[in-house]
Amino acid sequence: MRSYPFASALITGASSGIGEAMARELAGAGVATVIVARREDRLRVIAEAFDAVEVLVADLLTAKGQRAVAKRIGSSSKPIELVVNNAGFGTNGVFAELDVDRLSDEVELNVAALTRLSHAALAAMMPRGRGWLLNVSSVASFQPAPKLAVYAATKAYVTSLTESLHEEARGTGVHVTAVCPGLTRTEFMAVSNTDTYADQFPGFVWTSADQVVRTALADVIANRALSVPGAQYKAMTVAVNMTPRWLRRRVSGLIQRG
Ligand SMILES: NC(=O)c1ccc[n+]([C@@H]2O[C@H](COP(=O)([O-])OP(=O)(O)OC[C@H]3O[C@@H](n4cnc5c(N)ncnc54)[C@H](OP(=O)(O)O)[C@@H]3O)[C@@H](O)[C@H]2O)c1
């Protein structure tokens, strides 16, 4: 069992995928963990497997849901030391043909809810001079992604916001990190209509949720601004950063065309 410097955590999107793996890792290590999502049945199954897991059912697309989670993060009687903003989804398809209400929801969850909860986290942690904020972004944040255009744009926001907050928090005792996973086998593909990726992309490009969790936790503890799980994605990120913007965009467009 690993040991962690934080005694408590709150994870959004903990009912499946990366969030569930994070919840199981932390709860298994004895961290008092608040798990947040809409599917209460899924959250209850996780809570029953561990001591000290608190279930908070919330729809982060609603103001009520965002307020409830922000309030829990800000609690002074039961402080949260690590906040993981993980809930998010994507939408695959040609921008003009997609349901615009769904795209607005994507921005609301990936950008607005994450911003509100990051604010709640840092407002609670800064005065304490101690805390950890981990925002789940994506390698899609490093270049545009035709047919996942809104998703890549929301994640570019998450990476940029988180890097700014990392610098604001420098020297305060509060750690702020964006984890940028590559393709990871979760329910994301079914939700985002990217099921074809399983056949389209070879096995070596896939990471597991557990690998993402291990790397992300190590990097937020080390107070790294950016965390990129997997050697293949670390190498890709270096290459992308050395590539001119127009070429990144063209390559991204060619990959999407399959
Ligand atoms: N899988 C990948 O390849 C990949 C790559 C890079 C980044 N990511 C990012 O990793 C994060 C986790 O995704 P995942 O891959 O683990 O996908 P996932 O298995 O689909 O998990 C998404 C989680 O978000 C929650 N969620 C969705 N809408 C919500 C809402 N309105 N309110 C509250 N919770 C909501 C879901 O719970 P409920 O449905 O129960 O509410 C679920 O627990 C996302 O931010 C995603 O963008 C994923």
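Both ligands and their constituent atoms are indexed starting at 1 by order of listing.
Here's the thing with L60: one of its N/O atoms is less than 3.5 angstrom from an N/O atom of ligand 1. Annotation: T186 places an N or O atom under 3.5 Å from an N or O atom of ligand 1; distance criterion only. Ligand 1 has a nitrogen or oxygen under 3.5 angstrom from a nitrogen or oxygen of I18.
Remark: distances from the non-hydrogen atoms of A58 to ligand 1 include one below 4.0 Å. Contact annotation: M189 has at least one heavy atom less than 4.0 Å from an atom of ligand 1. Ligand 1 is never approached by G65 to a heavy-atom distance shorter than 4.0 Å.
Residue-level proximity to ligand 1 for L109 is carried by the side chain, the only part with a heavy atom below 4.0 angstrom. Neither the backbone nor the side chain of A140 comes within 4.0 Å of ligand 1, counting heavy atoms alone. At a 4.0 Å heavy-atom cut-off, ligand 1 does not touch R42 at all. For R185, no heavy-atom contact with ligand 1 is shorter than 4.0 Å. Contacts between A209 and ligand 1 below 4.0 angstrom, taking non-hydrogen atoms only, are absent altogether.
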**Study point:** Intermediate values then yes/no, salt bridge (charged side-chain N to carboxylate O under 4.0 Å, His left out), E20 and R24
**Key:** CA-CA 6 Å; E20 177 178 356; R24 289 184 180 277; 2.9 Å; yes

Exercise for review: Given salt bridge (charged side-chain N to carboxylate O under 4.0 Å, His left out), test E25 with R2 step by step and report yes or no.
Suggested key: CA-CA 9 Å; E25 169 61 26; R2 291 182 188 81; 3.3 Å; yes

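Protein heavy atom nearest atom 34 (N) of ligand 1, with residue, atom name and distance: A87 CB, 3.8 Å. Ranking protein heavy atoms by distance to atom 11 (C) of ligand 1, first place goes to N86 O, 3.1 Å. Of the protein's non-hydrogen atoms, the one nearest atom 37 (O) of ligand 1 is S15 OG, 2.8 Å. Considering only non-hydrogen protein atoms, atom 25 (C) of ligand 1 sits nearest to G13 CA, 3.5 Å.
Summarising the contacts of atom 13 (O) of ligand 1 with C180, S141, G88, G17, the nearest heavy atom is found in G88. With atom 2 (C) of ligand 1 as the reference point, the heavy atom nearest to it among T194, D105, T184 is part of T184. Residue R38 holds the heavy atom nearest to atom 30 (C) of ligand 1 of all those in R38, E187, M22, E20.
For ligand 1 and D59, the ligand atoms under 4.0 Å from any heavy atom of the residue are 30 (C), 31 (N), 32 (N).
Neither side chain, D219 nor T177, offers a donor N or O lying under 3.5 Å from an acceptor on the other. Checked by atom type, the side-chain pair S252/Q143 shows no donor-acceptor distance below 3.5 Å.
A ring-centre distance under 6.0 Å is found for Y151 and F188.
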